Amino acid sequence: MNHDHKKIEEEARAKWAGLSLYECNLEDESKDPYYLLVEFPYPSGDLHTGHWYAFAVTDIYARMLRARGKNVLFPIGFDAFGLPAENAAIRNKIDPAEWTKGNIERMKKQLEAMGASFDWSKEVVTCDPAYYHWTQWLFAKLFEHGVAERKEAPVKWCPKDQTVLANEQVIDGRCERCGTEVEEKRLTQWFLKITQYADRLLKNLDALPWREEIKEAQRAWIGKSEGAYLDFKIAGSEEKIRVFTTRPDTLFGVTYVVLAPEHPLVASMPAQNRAEVDAYVTQSQKKTERERSENKEKTGVKPEGIAAVNPVNGEEVPVFVADYVLGSYGTGAVMAVPAHDERDGEFAKKYNLPIRQVVAPVRTDMRNPPQEGKRNVARYNVFAIVRDPKTDKYLCLIWKHEPWTTFITGGIDEGEDPVDSAKREIREETGYRDVALVADLGITKSSWFASHKGENRSATNSVLFFELASDARDEVSADEVAKHEAVWLTAEAVEAAGMQHAEFDVVWPMVRRRAYQPYTDAGILVNSGAFDGRESEEAKWDVVAAAGGERTTQYRLRDWLVSRQRYWGCPIPVVYDPAGKPHVIPAEHLPWLLPTDVDFTPTGEAPLASSKELKERVTRIFGEGWTPEYDTLDTFVDSSWYFARYLDPRNAEQFADQNRMKKWLPVDRYSGGAEHTTMHLLYSRFFTMALYDLALAPVEEPFAERFSRGLIMGPDGAKMSKSKGNVVNPDEFAAKYGADTVRVYLAFIGPYNEPGNYPWQLDGVASMRKFLDRIECLVERCRSRTSAVSVKNFDIDRALAMASKKIAEDGDRFKFNTGVAALMSLLNELEKLSESSLTAFMLRDFVIMLAPFAPHLAEHLWEKLGGEGSVHQAPWPAYDPALLAAGEATVVVQVAGKRRGEIALAPDAPEAEALAAALALAPVASALGGAEPSRVIYVPGRILNLVP
RNA sequence: GCCGUGGUGGCGGAAUUGGUAUACGCGUACGACUCAGAAUCGUAUCCUUCACCGGUUGAGGGUUCGAGUCCCUCCCACGGCACCA
């Protein structure tokens, strides 16, 4: 341990405080603006490794960009509303505001000790009335334009705490606070209509240069599906059931219709067994989220006397009520097609409902594809699979003049029943005459080239599964014996044989389960009246038209429920008139302050309802009979626009100045945790888009780039947790080794541009301290460290130029690990120099490049080296680009792609020169064996490959 | 189950466009300094071999003068979604 990090850190902090180095002048036109944003923290009280990783490493980039001449906005604030403050208040009887304020003060000190170069003059705190004033104002704007609305909806309810929970407060179907299983309740709540923006939120993703996994997570969250509404009349009634389907092509396969228990028709339809239906509905509504997800066994009830009419063919089918259909998606009703949908298939099996196949899988035998110019013959075949239950083997034919193994197949004669013709073929080809049909596996279509007949076959196959009833066997004709031999194969042998059936992949899983399995892919329509023979994908919209349906698009995304029956949040700026109609609070009464005379022990009512002051305030301002809104806003609303407020945090007239937003938005780079790639990111995008439509924001998309960082694990490689006892407190390491050591360690641990997991390794931290000590030692060793005399050293100048380029480029890619590695390599080079050839010039360049990573030590060394002002005001080392290309390059010589040697050449040496030098190498000559290379591949400066 | 991302030494990882695989660091071994230890410094460290040769980026195949990188099949890990019709 060499340098005194405590003293160095204190001195550096004192120096920076006097220079106000990090305050961004938003109006500065002399430099390029760059908005670097990192997710603001919740003020929980103490910084943990996650905070260090988030802020210290992002700070490296902020400092790097400043040195590279950008006008960097690197702001910070606190996402200060939320449950922990309220829970602390309930537990310890303290004011959530006081609790939060104390935590913020403590965290500010820690952030400062980290060496983070945040611009504190832009600080925002979401629980500050000066901030939530504008959260409320924006909510009012959204309400005025119909983006916010009040409606009844199912919500999660904790029966013990007597309160509504946010989705994220429900963990495995239980309340995160008390562990009670949550229930669903219908309540009237405030929503933001994010679904109106679903399509734009989806489409814009294509153009955003974000990692695919982030975009895919958002796409999945939005969950777009295209389909149609179809109306099924209820027989003998004017009522109809509207269903949503993405597979109208399977309409002829509908054998029943299902309503969700919540569907309005369920209560009103004249079911003969009304009591039974009601009992089912009550029972399924009592089911907790947990029970529904744990037990996927399908249940349902059939309202007797009710039938639905298939709009395409007038067929009457039964109706069921079942909770495998969700009330909140589509129309809350589905047409069930058990032949082509897994869930319907499962339900139909349990309730013994008919399964009607209407889509036939189509396969082409790729080993014998149909040949052009050959006759096409359509056939109607049987395809019989026979299993012997005693031995669990399958009856197969090994062909004698063809390289085939097959099941038993054959043509169906005119007017013959497929089962009869299968039995006939089995008897003729193998002699077995006593087989029993076990399952009809449906219809397939296949085509191949029948080489023994010289024609293309296009077959419709009836696939039938039999079991051998007895070994009784007839004589097989000599003709058949000449063609193939009948053998019994185990399942493994069948799979290994590579059966000569194009549809084997579809049929075989059904055989193994001895039953038809729903076929969910596209194919050719069968049993579909006028649509028979058409491709399912192509015909689907024609079926919709024939059924009088309507094309439509559905989304998985629901409207955003923003009401919370909580105290510590932004009050929803709404009051109700004596008739109960909501009105937004006029702008002159904003901020609509959170009352302080509130009892926030959970009682089942929103805590604000206990405030006398709030009621009096409403009466005073709006009059007798007017009542307050008692709910507060989801904290995700607070954080959906904070990046705009950073641009103008003290503005009392507007949420942010339009010109500043024009100049600074979108955010250039947003760094955050992988856990926020769906909700927070989507909500922020939605907010920005909605404000854009209201001409309140200049951009549709708030974030040009988004980077998700990884997670720091405990030293044992497992996720840090108190119960595992592997929690690392970074402040202890900062105290022992210095903040710079922790910063460099976190930068070096792995790439910052991907969400991996990195263990906190004790030896690794110590080795970073060693690295910093070596740097200090080197500076001490430099005799002429304050000298202004520059001594040319070609190799070192080139090494500095390469490091300057590489570290900057790696920073742009958020790869600080390789940036640190470049500094280490450079240090290795510099350490090799004698004391006399070591100059202050090269060391100053080195220290400037070190400064983003180790800001305190770099400042200290900068002073030792006689640097002017602060190292954090020094420009990033410039270099002559010619230096990078200068000198000799190593060209690798390969013979037939194998490395045989290397030659030193000018980067622009001609091929002839390279070839001559290469042939002079003994290993190259011997590898060529004296022969002339037939081909020469030369990439100047890189490689010379000789192909014999 | 579906979608996405990834798989490289004992460990964290590097290889930016298809062009020297294993940079940088940890660990380990040996050596120097020391009465001794700690710290520090030096050397070695993918496998095989005394050395040359040969082999190696989850497994197998393909494209190419050349593949960690591109294509196909499979295995494994992590992340997201999941009764969404």
Side-chain angles (χ1 to χ4, degrees), chain A residues 1-2 211-221 223-225 227 243-247 250 258 260 292-293 295-298 322-326 328-337 340-344 346-347 520 554-558 674-675 677-678 708 711 717 744-745 748-751 754-768 770-771 773-774 777 806 809-810 812-813 815 817-828 831 890-902 923 933-939 941-948:
Chain A
M1 298 271 274
N2 244 324
R211 281 178 73 91
E212 201 51 37
E213 59 206 280
I214 302 176
K215 298 207 275 185
E216 273 307 313
Q218 295 231 339
R219 286 190 191 109
W221 198 263
K224 180 179 182 171
S225 46
V243 303
F244 172 71
T245 180
T246 55
R247 292 294 304 273
T250 63
V258 193
R292 277 204 181 192
S293 62
N295 183 10
K296 290 202 176 170
E297 167 93 21
K298 303 226 171 352
D323 64 9
Y324 80 89
V325 172
L326 306 176
S328 52
Y329 182 78
T331 61
V334 304
M335 58 179 229
V337 186
H340 303 291
D341 182 280
E342 305 270 357
R343 298 150 299 180
D344 297 340
E346 212 180 298
F347 189 83
T520 55
Q554 294 287 320
Y555 299 90
R556 199 193 72 102
L557 188 70
R558 308 293 150 81
E675 69 275 19
T677 49
T678 42
S708 293
L711 236 48
V744 176
Y745 176 65
F748 189 65
I749 199 165
E754 44 190 81
N757 297 336
Y758 310 109
W760 178 282
Q761 292 179 324
L762 305 176
D763 288 328
V765 184
S767 78
M768 291 306 121
K770 210 164 85 180
F771 166 59
D773 281 337
R774 277 169 60 203
C777 206
K806 178 165 176 59
E809 284 175 359
D810 286 352
D812 290 340
R813 292 188 299 142
K815 294 217 30 163
N817 54 335
T818 50
V820 175
L823 279 176
M824 288 172 169
S825 300
L826 189 55
L827 178 65
N828 290 343
E831 279 179 334
T890 304
V891 174
V892 171
V893 183
Q894 296 182 335
V895 177
K898 288 234 182 291
R899 188 177 184 277
R900 295 294 166 183
E902 56 185 48
S934 67
R935 198 173 158 192
V936 178
I937 293 105
Y938 178 51
V939 182
R942 282 199 185 273
I943 205 155
L944 177 70
N945 190 9
L946 308 178
V947 186

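This is a predicted model, so every value here is computed, not measured. Letters go in sequence order (proteins before strands), and every chain restarts at 1.
- To the nearest whole angstrom, the two P atoms, one in A67(B) and one in G12(B), are 27 Å apart.
- Within 4.0 Å (heavy atoms only), R558(A) reaches at least one base atom of the nucleic acid.
- The nearest whole Å value for the distance from the CZ atom in R247(A) to the P atom in C83(B) is 20 Å.
- A distance of about 41 Å separates the P atoms of G1(B) and C46(B), rounded to the whole Å.
- Regarding R556(A), its CZ atom lies at a distance of 13 Å from the C1' atom of C2(B), rounded to whole Å.
- One finds the CE atom of M824(A) at 8.0 Å from the CZ atom of R774(A) (value rounded to the nearest 0.5 Å).
- Spacing of C1' atoms, G25(B) relative to G13(B), comes out at 9 Å, to the nearest Å.
- Taking only side-chain nitrogens and oxygens, Y324(A) never comes nearer than 4.0 Å to OP1 or OP2 of A85(B).
- Contact detail for Y329(A) and S225(A): the closest heavy-atom pair is OH-OG, 2.8 Å.
- Salt-bridge formation is detected for the pair R219(A)/E216(A): a Lys NZ or Arg NE/NH1/NH2 atom is positioned less than 4.0 Å from an Asp or Glu carboxylate oxygen.
- For the C1' atoms, the distance from G37(B) to C24(B) is 30 Å, rounded to whole Å.
- Residues E809(A) and M824(A) each lie close to RNA chain B; by heavy-atom proximity, the contact nearer the 5' end of the strand is made by E809(A).
- Note that CD1 of I943(A) is 3.5 Å distant from CD of Q894(A), once rounded to the nearest 0.5 Å.
- Checked against A85(B), G19(B), C3(B), the side chain of E216(A) finds its nearest nucleotide in C3(B).
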- Note on the structure: Letter by letter from the 5' end, nucleotides 5-14 of chain B scores (B base, S sugar-phosphate only, - none; protein heavy atoms under 4.0 Å) S-----SBSS

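- Of all nucleotides listed (G25(B), U20(B), C81(B)), G25(B) comes nearest to the side chain of S767(A).
- The distance between atom CH2 of W221(A) and atom C1' of C2(B), rounded to the nearest whole Å, is 17 Å.
- Taking OG1 of T250(A) as the reference point, atom CE of M335(A) lies at 3.5 Å (rounded to 0.5 Å).
- Taking the C1' atoms as reference points, G4(B) lies 28 Å from C11(B), given to the whole Å.
- Smallest separation of non-hydrogen atoms from V337(A) and D344(A): N-OD2, 2.9 Å.
- Between atom CD of residue E213(A) and atom OG1 of residue T677(A) there is a gap of 8.5 Å, rounded to the nearest 0.5 Å.
- Remark: side-chain polar atoms of R813(A) are not paired, donor with acceptor, to backbone N or O of P751(A) under 3.5 angstrom.
- Annotation: U8(B) and A59(B) have their P atoms spaced 10 Å apart (nearest Å).
- In this structure, G9(B) is classed as syn because its glycosidic torsion stays within 90° of zero.
- When the C1' atom of A82(B) is taken as reference, atom CZ of R219(A) falls 19 Å away, rounded to whole Å.
- Comparing G10(B) with G54(B), their C1' atoms are spaced 24 Å from each other, to the whole Å.
- When all heavy atoms of Y324(A) and V258(A) are compared, the closest pair comes out as OH-CG2, 3.6 Å.
- Comparing the P positions of C47(B) and U22(B) gives an interatomic distance of 14 Å, to the nearest angstrom.
- We find the CG-OH distance between L762(A) and Y745(A) to be 8.0 Å, quoted to the nearest 0.5 Å.
- Distances shorter than 4.0 Å separate some side-chain N or O of R935(A) from OP1 or OP2 on C65(B).
- Rounded to an integer number of Å, the gap from CE of M768(A) to C1' of C24(B) is 9 Å.
- For the pair K298(A) and F347(A), the cation-pi test (distance below 6.0 Å, angle within 45°) is failed.
- Note: T818(A) OG1 to E809(A) CD = 10.5 Å, rounded to the nearest 0.5 Å.
- Here the nucleotide nearest the side chain of V947(A), chosen from C65(B), C81(B), A85(B), is C65(B).
- Below the 3.5 angstrom threshold, one finds no donor paired with an acceptor across the side chain of D763(A) and the base of C26(B).
- Between N828(A) and I214(A), the residue anchored closer to the 5' end of RNA chain B is I214(A), taking for each the nucleotide with the nearest heavy atom.
- Residues I937(A) and R935(A) approach most closely at CD1-NE, 4.0 Å, considering heavy atoms.
- Within 4.0 Å of S328(A), counting heavy atoms only, lies no atom of the nucleic acid at all.
- Stems are defined here as 3 or more consecutive Watson-Crick or G-U wobble pairs with pairing distances under 3.5 Å; those involving RNA chain B are B:1-7 with B:75-81, B:10-12 with B:24-26, B:27-32 with B:40-45, B:58-62 with B:70-74.
- Computed from coordinates, the R942(A) CZ to A15(B) P distance equals 14 Å when rounded to whole Å.
- Listed candidates were C24(B), G19(B), A85(B). Nearest to the side chain of A821(A) is C24(B).
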Would you tabulate the nitrogen or oxygen pairs shorter than 3.5 Å linking the protein to nucleotides 67-70 of chain B?
none

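- Closest to the side chain of I937(A), out of C65(B), A85(B), U40(B), is C65(B).
- Regarding K770(A), its NZ atom lies at a distance of 9 Å from the C1' atom of C26(B), rounded to whole Å.
- Atom C1' of nucleotide C24(B) and atom CG of L826(A) are separated by 13 Å, given to the nearest angstrom.
- Inspection of the R211(A) and S708(A) side chains reveals no N or O donor paired with an N or O acceptor under 3.5 Å.
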